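One structure is given below, encoded as structure tokens.
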Amino acid sequence: MAKSKRSYSWLIVLVVLVLGGAGYGAFRYVKSRDMALAVQAEKVGRRSLTEIVVATGKVQPVLQVVINPEVSGEIIDLPVIEGQLVKKGELLLKIRPDNYVASRNSSVASLKSSEASIAVARANLDKAKAEMDRNRELHDQKLVSDSVFQDYQTSFEVASSQLLAALQQTEMARASVTRAEEDLLKTSIVAPIGGTVTKLKSQKGERVVGTAMMAGTEIMTIADLNAMEARVDIGEMDVVLIGKGQTAKLEVDAFRGRKFTGEVYEIANAAKSAGMASSQEAIRFEVKILIKDKEDQLRPGMSVTALIETRYRTNVLTVPIQSVTTRLPKGMEEPKKNPLAAMEPQDPREKELEEKRKNDPSRKPIEVVFIDENSVAKMRPVKRGISDDNYTEITEGVTEGQSVVSGSFKAINRELEDEKKIKVEDPKPVNGTTRP
């Protein structure tokens, strides 16, 4: 009996706690609806905006050439060092030419032999022609049979073919001489452009492989450091905003506090990740920006950040960029649930309607701002234009001079509702200053 009384007492305590918690939740719910939300506000004003796309990349020379030998062999002369300035046509290296000299001499000998064969073939042809002509006269006088005359005629045709073959062999030999002489010339490599030796990967005495059958050995790189560019990667969403001739500000990590001026002059037509790239890999396009400032200390490979000015607007209505948020259109908002309703079992039909409402494709969020009207937040749908780091252009939905809520991220994106009471406060100082 005592045990039943204790159980009954615990049940009463549990019911009191549940009712107390529900009552406190209901109290907080009602209070939160009536309590004014602290926010900041700013007037809708006219400004000039410049939209900027930010990208990172490397500094590279506009013109650079990688030197690969066309013939294989041992480097016997390398008169340049890394960092040396060279002129166009200046000797860069020499490969041992012995094998190519021998090949050239062999080709010359073959050519001379072919030319001698032409003389022999021509002499045989003249002899065959003379005999055929003499026997034609005898054949016409019925002094030589048809079969004998045909033998001389055949000999003439054979001699003609031999002369033609000798001529063809001579042309082949002459082509071999030309190729051998070119290979011999390729043992000496000169600078194709004037510039600086930025990379030197081989040394005197090393053997190198020519590019005739494979990629070949990369010996050095020559670059013209008087004309430099920034090669940056732009995402697929931003590359459509980039155009030739656009101005860019360049920040090179090696030159802190200094900005270089650049101009977009080339945009890749194909993405860098095309081919076997993963479907989750970011799609990026290479954009080349010519650096207009002359700086002798700029070096290939330096890290650079480009701020490309894509679009510009003058004297347009603007609001702080954080003032624009998204909400569901009126009539499609999620209904606020009373905490007391949580104690009641949910009707299956209401649950089904709730699921349909969540999956309704027409429930697409729209961009809005909140206007301060007599300390009450009024939600206004807006259409945006371009943006910079601080402000965004509003093309529809607000008028100049209206006060828009520009408070904290939490207040604007989560707590604010249409017809919500607000209390405008001064903005909190950031690094000792306040937003103008």
Side-chain angles (χ1 to χ4, degrees), residues 63-81 84 86-133 151-195 197 199-224:
L63 180 61
Q64 66 176 3
V65 179
V66 178
I67 304 300
N68 301 85
E70 295 184 70
V71 295
S72 302
E74 177 189 349
I75 298 176
I76 60 172
D77 191 11
L78 189 64
V80 298
I81 60 174
Q84 179 177 333
V86 296
K87 297 179 180 178
K88 182 178 180 179
E90 184 176 343
L91 180 67
L92 299 178
L93 73 145
K94 192 172 183 179
I95 297 172
R96 187 177 297 280
D98 299 0
N99 291 336
Y100 301 99
V101 171
S103 177
R104 191 272 312 272
N105 293 340
S106 175
S107 297
V108 170
S110 296
L111 176 60
K112 291 180 178 179
S113 176
S114 299
E115 290 173 345
S117 298
I118 292 176
V120 172
R122 185 170 282 115
N124 290 333
L125 178 62
D126 292 341
K127 180 181 177 182
K129 186 178 185 302
E131 290 181 350
M132 184 185 68
D133 291 342
D151 288 340
Y152 284 108
Q153 193 175 22
T154 301
S155 297
F156 171 77
E157 293 174 354
V158 170
S160 299
S161 298
Q162 289 175 344
L163 177 59
L164 182 61
L167 291 171
Q168 295 295 333
Q169 289 292 334
T170 302
E171 289 300 320
M172 292 176 61
R174 188 173 288 110
S176 296
V177 170
T178 302
R179 184 169 57 251
E181 289 177 345
E182 289 179 352
D183 288 344
L184 181 58
L185 290 174
K186 291 173 182 176
T187 59
S188 296
I189 300 178
V190 298
I193 62 170
V197 179
K199 291 181 183 179
L200 183 59
K201 295 187 175 182
S202 298
Q203 300 296 328
K204 183 178 178 179
E206 290 185 9
R207 291 191 61 83
V208 293
V209 178
T211 58
M213 301 298 293
M214 56 190 69
T217 304
E218 182 179 333
I219 298 177
M220 67 182 74
T221 301
I222 299 176
D224 181 5

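Starting from 1, each residue takes its place in the sequence as its number. Predicted model, so just to flag it, every value in this text is computed and none were measured.
By the side chain to side chain donor-acceptor pair (under 3.5 Å) test, Asp133 is found to be paired with Lys129, Arg136, residues two or more places apart in sequence or in another chain being considered. In this view, Arg207 satisfies the side chain to side chain donor-acceptor pair (under 3.5 Å) rule with no residue, not counting sequence neighbours. Asn99 meets the side-chain contact (heavy atoms from CB on, under 4.5 Å) test with no other residue; sequence neighbours excluded. Lys112 meets the side chain to side chain donor-acceptor pair (under 3.5 Å) test with no other residue; sequence neighbours excluded. Under the rule for a side-chain contact (heavy atoms from CB on, under 4.5 Å), the partners of Lys199 that lie at least two apart in sequence or sit in another chain are Lys201, Thr221. Glu171 meets the salt bridge (charged side-chain N to carboxylate O under 4.0 Å, His left out) test with Arg174; sequence neighbours excluded. With sequence neighbours excluded, no residue forms a side chain to side chain donor-acceptor pair (under 3.5 Å) with Glu206.
Here the CG atom belonging to Leu125 is positioned 12.5 Å from the CD1 atom belonging to Ile118, to the nearest 0.5 angstrom. Here CD1 of Ile75 is found 8.0 Å from CD of Gln203. Values are rounded to the nearest 0.5 Å.
The list of side-chain hydrogen bond (donor to acceptor under 3.5 Å, both in side chains) pairs with a residue in residues 114-123, not counting sequence neighbours, is empty. Applying the side-chain hydrogen bond (donor to acceptor under 3.5 Å, both in side chains) rule to pairs touching residues 181-193 yields Glu70-Lys186, sequence neighbours excluded. Sorted by first and then second residue, the salt bridge (Lys or Arg N to Asp or Glu O under 4.0 Å) pairs involving residues 92-102 (not counting sequence neighbours) are Glu74-Arg96.
Annotation: side chain of Ile81 is not in contact with side chain of Val197 (no heavy-atom distance under 4.5 Å). Between Ile222 and Leu92, the closest side-chain pair of non-hydrogen atoms falls below 4.5 Å. In this structure, Met220 and Val86 have side chains that are not in contact, with every pair of non-hydrogen atoms separated by 4.5 Å or more. The shortest distance between side-chain heavy atoms of Thr178 and Ser107 does not fall below 4.5 Å. By the 4.5 Å heavy-atom criterion applied to side chains, Lys88 and Ile193 are not counted as neighbours.
When all heavy atoms of Val190 and Leu91 are compared, the pair lying nearest together is CG1-CA, 4.1 Å. Gln84 and Pro79 get closest at one heavy-atom pair: OE1-O, 3.8 Å.
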Side-chain donor/acceptor pairs under 3.5 Å, residues 152-165, sequence neighbours excluded:
from: Thr154; atom 1: OG1; to: Gln150; atom 2: O; distance (Å): 2.9
from: Ser155; atom 1: OG; to: Asp151; atom 2: O; distance (Å): 3.0
from: Ser160; atom 1: OG; to: Phe156; atom 2: O; distance (Å): 3.0
from: Ser161; atom 1: OG; to: Glu157; atom 2: O; distance (Å): 3.2

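A donor-acceptor pair under 3.5 Å is absent between the side-chain atoms of Ser106 and the main chain of Ala102, judged by distance alone. Without hydrogens or angle criteria, Asp77 side chain to Leu93 main chain gives no donor-acceptor distance under 3.5 Å.
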